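A quick write-up on the structure given underneath.
One-based numbering along the sequence shown. Worth saying up front: this structure is predicted, and the values here are computed from it rather than measured.
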Amino acid sequence: MSVEFRRARAEDARLLAETRRRAWDTTYRGIYPDAMIDEYDLEAHTARDAARIANPANAVFLAMDGAECVGYFTYGPYTYGRYKDFALCLNSLYFLPGYRRMGLGRRAFAQLTEFCRERGIPKFFCGCNCHNLPRRHFTAPWAAWSAQCTAAMRTGPRTKCILNFRLSKNLPSRKFRREGKCERKPSGCPFTFNHPPQRQNCKIMLQNLILQF
C-alpha cells in the first residue's frame with residue numbers, strides 16, 4: 001500500500017466531493033443527523049470543490065492509493081471568514097477508515113509545516129468537532145486536550161474545539177509542546193475544567209501547540 005499526495009486539478013472536483021461523502025459517512029454518522037449524510041448533495045459539493053480548487057489561495061491535496069482517492073486535506077484562508085490574526089487554516093483533513101493510523105496525517109502536517117516555513121508563516125490553526133474521536137486522538141500531544149473535551153459529548157453536534165499551532169526552531173526532542181488555554185465566554189458553556197478552576201466558562205476550547213520544524 002503506497003499512498004501519494006497530489007495537488008487536486010480542476011477535473012478532480014467530483015472525485016473530491018465523492019471522497020468527502022465517504023469520509024463523512026464514517027466520521028460523522030451518529031454525530032450529525034443521518035439526513036445530513038444520506039441527503040448529501042453531490043452536485044452542490046462538486047461545484048464548491050471546483051471553486052475551491054480554482055482559487056489559487058487554497059491548497060487542495062488528494063491522497064491517492066493508485067487510482068483510488070482515500071483522503072484529502074486542504075489549507076489556505078479560513079473557509080468561514082477570519083479567526084483572530086491567523087492567515088492560514090487547515091480547513092480539512094480526512095482519510096478513509098482503512099488508511100488511518102498509517103502516518104498520513106503526520107505527513108500532511110509535515111507538508112503544511114514546510115509550507116509555513118518556506119513562506120515565513122509563524123502559525124496556523126484548525127478546528128475539530130469535539131465528537132470526532134479519531135481526530136481528537138490524532139496525536140499523543142492532543143490526548144490531554146481530548147480528555148478535557150469529554151463534557152462536550154453531552155452537547156450538540158456542532159461543538160467545536162480550536163487548535164492553534166505555532167512554529168518554533170527551538171524545541172528539544174519533542175515535536176509538539178502544549179500551551180493549554182481556553183477563552184472566557186458567557187455562562188452556559190458545555191465545558192468544565194479542573195485546571196485551572198477559574199477557566200470554566202468557555203464556548204470554544206483552545207489548545208495552543210508548538211511544532212518543531
Side-chain angles (χ1 to χ4, degrees), residues 1-83 86-116 118-119 121 124-139 157-158 160-163 165:
M1 185 183 299
S2 178
V3 177
E4 296 183 354
F5 296 159
R6 70 164 175 83
R7 190 100 184 212
R9 301 183 289 263
E11 60 270 23
D12 292 322
R14 190 173 188 86
L15 177 61
L16 176 56
E18 291 172 343
T19 305
R20 179 183 299 104
R21 177 166 59 183
R22 296 171 64 192
W24 281 14
D25 189 37
T26 57
T27 302
Y28 296 120
R29 181 77 67 177
I31 297 177
Y32 291 126
D34 286 346
M36 175 179 170
I37 300 168
D38 296 336
E39 299 172 11
Y40 181 91
D41 191 334
L42 181 60
E43 298 305 322
H45 279 276
T46 298
R48 282 195 288 269
D49 284 326
R52 184 175 292 114
I53 293 170
N55 185 345
N58 295 320
V60 182
F61 285 86
L62 305 181
M64 304 296 298
D65 184 4
E68 181 184 9
C69 184
V70 298
Y72 64 94
F73 59 96
T74 67
Y75 51 88
Y78 186 31
T79 302
Y80 302 105
R82 291 194 60 82
Y83 169 67
F86 284 73
L88 186 66
C89 176
L90 176 61
N91 283 302
S92 57
L93 177 65
Y94 292 97
F95 298 103
L96 299 182
Y99 293 83
R100 295 169 187 166
R101 299 184 180 276
M102 292 176 52
L104 297 179
R106 288 182 180 273
R107 280 175 52 190
F109 261 77
Q111 177 176 315
L112 177 52
T113 302
E114 181 67 12
F115 175 88
C116 291
E118 291 176 348
R119 291 159 180 78
I121 301 173
F124 64 92
F125 77 100
C126 70
C128 175
N129 186 299
C130 287
H131 302 260
N132 184 354
L133 294 179
R135 178 73 171 267
R136 283 170 49 189
H137 294 288
F138 171 45
T139 63
R158 296 188 182 277
K160 177 178 286 189
C161 295
I162 298 293
L163 294 170
F165 295 87

ask   = Side chains of Leu112 and Leu90: closer than 4.5 Å at any heavy-atom pair?
value = yes
note = Closest non-hydrogen contact found for Ser2 with Asp65 is O-OD1, 3.5 Å
inquiry  = Under a 4.0 Å threshold between the charged nitrogen and the carboxylate oxygen, would Glu18 count as salt-bridged to Arg22?
reply    = no
ask   = Does Phe124 have its ring centroid less than 6.0 Å away from the ring centroid of Phe86?
value = no
message = I need the Arg9 CZ to Leu16 CG distance, nearest 0.5 Å.
response = 13.0 Å
inquiry  = Restricting to non-hydrogen atoms, name the atom on Ala63 and the atom on Phe95 that form the minimum distance, rounded to 0.1 Å.
reply    = CB-CE2, 3.8 Å
task = Please report the shortest heavy-atom distance between Cys116 and Leu88, naming the atom on each side.
result = SG-CD2, 3.4 Å
task = Take Arg20 and Tyr72 through the side-chain contact (heavy atoms from CB on, under 4.5 Å) test and state the conclusion after the steps.
result = CA-CA 8 Å; Arg20 179 183 299 104; Tyr72 64 94; 3.3 Å; yes
ask   = Do Leu42 and Arg14 pass the side-chain contact (heavy atoms from CB on, under 4.5 Å) test, and can you show the C-alpha distance, the side-chain angles, and the key distance before you say yes or no?
value = CA-CA 8 Å; Leu42 181 60; Arg14 190 173 188 86; 3.1 Å; yes
request  = State whether Glu4 and Arg6 are salt-bridged, where the test is any N-O pair (Lys NZ or Arg NE/NH1/NH2 against Asp/Glu carboxylate O) under 4.0 Å.
outcome  = no
message = A side-chain contact here means heavy atoms from C-beta on lying under 4.5 Å apart; do Leu93 and Phe109 qualify?
response = yes
inquiry  = Are Asn91 and Tyr78 packed together at the side-chain level, in the sense that at least one heavy-atom pair is separated by less than 4.5 angstrom?
reply    = yes
key: For the student: nearest non-hydrogen atoms of Thr27 and Ile31, plus distance   = O-CD1, 3.5 Å
ask   = Which value, rounded to the nearest 0.5 Å, describes the distance between Arg106 atom CZ and Arg101 atom CZ?
value = 11.0 Å
key: Close side-chain approach of Arg100 and Thr26, heavy atoms under 4.5 Å   = yes
query = How long is the span from the CG atom in Asp12 to the OG1 atom in Thr46, to the nearest 0.5 Å?
reply = 11.5 Å
task = Return the orientation label for the Trp24 and Tyr40 ring planes: parallel under 30°, perpendicular over 60°, tilted otherwise.
result = perpendicular
query = Out of curiosity, Glu68 CD to Thr19 OG1, how far, rounded to the nearest 0.5 Å?
reply = 8.0 Å
task = Please answer whether the main-chain N or O of Arg52 pairs with a side-chain N or O of Asn58 as donor and acceptor at a distance below 3.5 Å.
result = yes
task = Provide the closest heavy-atom pair for Ala10 versus Ile53 in the form atom of the first, atom of the second, distance.
result = N-CG2, 4.0 Å
task = Check Pro77 against Cys89 and note the closest heavy-atom contact, atom names and distance.
result = C-CB, 4.5 Å
Arg29 backbone acceptor or donor facing Asp34 side chain under 3.5 Å = no
query = Just by distance, with hydrogens left out, do Arg48 and Thr79 show a side-chain donor and acceptor under 3.5 Å apart?
reply = no
query = Within a strict 4.5 Å, meaning less than it, do heavy atoms of the Tyr28 and Met36 side chains meet?
reply = no
query = Passes side-chain contact (heavy atoms from CB on, under 4.5 Å), Phe115 versus Tyr75? Steps please.
reply = CA-CA 10 Å; Phe115 175 88; Tyr75 51 88; 3.8 Å; yes
request  = Take Phe73 and Leu104 through the test side-chain contact (heavy atoms from CB on, under 4.5 Å) and record every step on the way to the result.
outcome  = CA-CA 10 Å; Phe73 59 96; Leu104 297 179; over 6 Å; no
